[in-house]
**Q** 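This is the structure I have questions about; it appears just below.
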Amino acid sequence: MQTKISILFLLKRTKSKTEGLAPIYLRVTIDGKRIEVSTKRYVEVSKWSVPAGKMKATTEEARSVNAYLDMLKNQVYDHQTALIQRGIVVNADSMCNKLLGIEEKNRSLIKIFEEHNKQMKILIGKEFAEGAYKRYVTSLSHTKEFIKWKLNVSDIDIRAVDLAFLNDFEFYLRSVRNCNNNSAVKYLRNFGKIIHFCLANEWLEKNPFKNYKTSIKTVERTFLSEEEIQIMADKKFVSERLDQVSGP
């Protein structure tokens with residue numbers, strides 16, 4: 001999903017200083033949500049161009065202030081790139097933390113999945129069967145391969161998992177991994193347990209599975225025909241032992 005981001009500089013006239021100077025604020029709007037941060041620069045109201053979002057005078061002061069604002073604008077785009085490269089969702093909160101120099105803890109999908117499987121392995125025979133553990137190991141493997149295939153990264157922030165991610169993951173399982181319907185659904189249900197774990201710990205605000213629809217299909221077993229049964233009965237085995245086992 002493409003993030004919509006816009007950048008604007010404006011004066012806060014209500015916060016004007018006694019000497020007639022007003023502070024310049026940086027406003028960043030991401031997907032409709034707005035954040036405002038002080039640039040720590042002050043200018044005379046009469047020298048500010050509202051349409052241009054910068055100083056309108058051609059003085060050395062104006063050139064210096066406008067150059068500084070251009071630098072801040074480029075910094076926002078640099079932060080956007082850095083967040084994407086780290087697999088962190090670009091939103092108002094993550095951008096605000098970047099602008100304020102606050103490093104938030106990055107909870108990554110693969111690390112959480114690996115920790116889940118590690119704890120599950122310890123509880124084999126107590127709370128889980130070994131077969132169930134192996135299914136989660138396979139699910140983790142498919143998850144790693146998917147994000148490498150889709151995003152060319154080894155891990156992503158857990159908040160990057162949304163409905164589009166789930167639909168793409170299902171497509172990957174069915175097409176690239178050639179999984180049948182029931183196998184794909186089971187892998188995604190295993191993946192869903194990781195998501196519910198994150199929701200329980202409040203690492204996710206929304207459940208990406210809320211509008212996700214899929215289901216197990218009943219597989220009808222076909223009975224063998226009399227001809228097929230006879231072929232099995234007449235089968236001659238190379239091994240005498242196996243022939244004895246198959247005989248009457």
Side-chain angles (χ1 to χ4, degrees), residues 1-15 22-43 48-55 65-113 143 146-169 171 191 194-212:
M1 181 177 176
Q2 186 67 31
T3 301
K4 295 180 180 179
I5 182 169
S6 64
I7 302 170
L8 175 69
F9 292 100
L10 66 156
L11 290 189
K12 289 283 188 176
R13 303 187 184 217
T14 56
K15 297 184 179 181
I24 304 173
Y25 271 70
L26 164 64
R27 175 185 290 173
V28 181
T29 305
I30 302 178
D31 291 335
K33 189 173 181 180
R34 178 187 300 172
I35 55 174
E36 293 181 354
V37 180
S38 173
T39 66
K40 297 182 172 56
R41 293 292 188 275
Y42 296 82
V43 298
W48 183 257
S49 171
V50 175
K54 62 181 181 180
M55 288 189 71
V65 170
N66 290 339
Y68 176 72
L69 298 183
D70 286 339
M71 183 271 292
L72 289 181
K73 184 176 182 178
N74 291 331
Q75 194 175 73
V76 171
Y77 290 121
D78 289 342
H79 288 330
Q80 181 185 26
T81 301
L83 289 169
I84 292 173
Q85 290 176 339
R86 290 180 56 192
I88 298 176
V89 177
V90 180
N91 56 28
D93 293 332
S94 60
M95 181 60 72
C96 184
N97 286 336
K98 270 290 188 182
L99 291 171
L100 296 176
I102 301 172
E103 279 297 324
E104 57 181 35
K105 189 171 182 180
N106 181 13
R107 300 190 185 278
S108 58
L109 170 61
I110 300 303
K111 288 181 180 177
I112 294 171
F113 211 143
T143 305
F146 165 66
I147 62 174
K148 184 66 178 178
W149 172 80
K150 179 68 177 179
L151 305 170
N152 197 31
V153 295
S154 59
D155 206 349
I156 59 171
D157 189 287
I158 189 62
R159 293 167 298 180
V161 179
D162 55 12
L163 180 59
F165 179 98
L166 298 179
N167 288 328
D168 288 342
F169 193 9
F171 172 78
F191 183 80
I194 306 302
I195 296 302
H196 285 293
F197 175 76
C198 294
L199 287 166
N201 282 280
E202 298 184 345
W203 299 338
L204 281 174
E205 294 181 4
K206 298 180 180 179
N207 183 1
F209 278 89
K210 181 179 179 181
N211 296 313
Y212 178 74

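Remember, predicted model here, so these are calculated numbers, not experimental data.
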**Q** Residues two or more places apart in sequence or in another chain: which of them pass ring-ring contact (aromatic ring centres under 6.0 Å, His included) with Phe191?
**A** Phe165, Phe169
**Q** Taking all atoms of both residues into account, what is the closest heavy-atom pair of Pro208 and Leu166, and its distance?
**A** O-CD1, 3.3 Å
**Q** Identify, with sequence neighbours excluded, every residue that meets side-chain hydrogen bond (donor to acceptor under 3.5 Å, both in side chains) alongside Glu36.
**A** Lys12, Arg27
**Q** Supply the atom-to-atom distance Ser108 OG to Ile158 CD1, rounded to the nearest 0.5 angstrom.
**A** 8.5 Å
**Q** Main chain of Lys4, side chain of Asp31: is a donor-acceptor contact present, judged purely on distance under 3.5 Å?
**A** yes
**Q** Would Lys54 and Val65 satisfy side chain to side chain contact (heavy atoms under 4.5 Å, CB included), going step by step from the backbone distance to the final call?
**A** CA-CA 8 Å; Lys54 62 181 181 180; Val65 170; over 6 Å; no
**Q** For Ser38, enumerate each residue passing the side-chain contact (heavy atoms from CB on, under 4.5 Å) test, keeping only those at least two apart in sequence or located in another chain.
**A** Tyr25, Lys40
**Q** What pairs with Ala67 under side-chain contact (heavy atoms from CB on, under 4.5 Å), at least two apart in sequence or on another chain?
**A** none
**Q** If the condition is ring-ring contact (aromatic ring centres under 6.0 Å, His included), which residues does Phe197 pass it with, not counting sequence neighbours?
**A** Trp203
**Q** Could you state the interatomic distance from CE (Met71) to CG (Leu69), rounded to the nearest 0.5 Å?
**A** 9.0 Å
**Q** Begin from the C-alpha positions of Ile24 and Leu11 and carry the test side chain to side chain contact (heavy atoms under 4.5 Å, CB included) through to its verdict.
**A** CA-CA 5 Å; Ile24 304 173; Leu11 290 189; 3.6 Å; yes
**Q** State which residue, out of Ile156, Thr143, Ile194, fulfils the side-chain contact (heavy atoms from CB on, under 4.5 Å) condition with Ile110.
**A** Thr143
**Q** How would you list, by chain and number, every residue that makes a side-chain contact (heavy atoms from CB on, under 4.5 Å) with Lys73, sequence neighbours excluded?
**A** Ile7, Phe9, Tyr77
**Q** Answer yes or no: are there more than 12 heavy-atom neighbours, outside Tyr68 itself, under 6.0 Å from its atom OH?
**A** yes
**Q** For Phe209, what residues pass the ring-ring contact (aromatic ring centres under 6.0 Å, His included) criterion, not counting sequence neighbours?
**A** Tyr212
**Q** To the nearest 0.5 Å, how far apart are OG1 in Thr39 and CG in Leu10?
**A** 9.5 Å
**Q** Who are the side-chain contact (heavy atoms from CB on, under 4.5 Å) partners of Asp168, not counting sequence neighbours?
**A** Phe146, Lys150
**Q** Mind checking salt bridge (Lys or Arg N to Asp or Glu O under 4.0 Å) for Arg34 and listing every partner two or more places apart, or none if nothing turns up?
**A** none
**Q** Kindly compute the distance separating CG (Asp157) from NZ (Lys111), expressed to the nearest 0.5 Å.
**A** 11.0 Å
**Q** Applying side-chain hydrogen bond (donor to acceptor under 3.5 Å, both in side chains), can you list everything that pairs with Asn66, at least two apart in sequence or on another chain?
**A** none
**Q** On a heavy-atom basis, which atom in Met55 and which in Val43 lie closest, and how many Å separate them?
**A** SD-CG1, 3.4 Å
**Q** Out of curiosity, Gln80 CD to Ile5 CD1, how far, rounded to the nearest 0.5 Å?
**A** 4.5 Å
**Q** When rounded to the nearest 0.5 angstrom, what distance separates CG in Asp78 from NZ in Lys98?
**A** 10.0 Å
**Q** Suppose we screen for side-chain hydrogen bond (donor to acceptor under 3.5 Å, both in side chains). Which residues come up paired with Asn91, at least two apart in sequence or across chains?
**A** Ser94
**Q** Test side chain to side chain contact (heavy atoms under 4.5 Å, CB included) on Leu72 and Val37 and set out the steps.
**A** CA-CA 11 Å; Leu72 289 181; Val37 180; over 6 Å; no
**Q** Leu99 vs Met95, test: side chain to side chain contact (heavy atoms under 4.5 Å, CB included). Steps then yes/no.
**A** CA-CA 6 Å; Leu99 291 171; Met95 181 60 72; 4.1 Å; yes
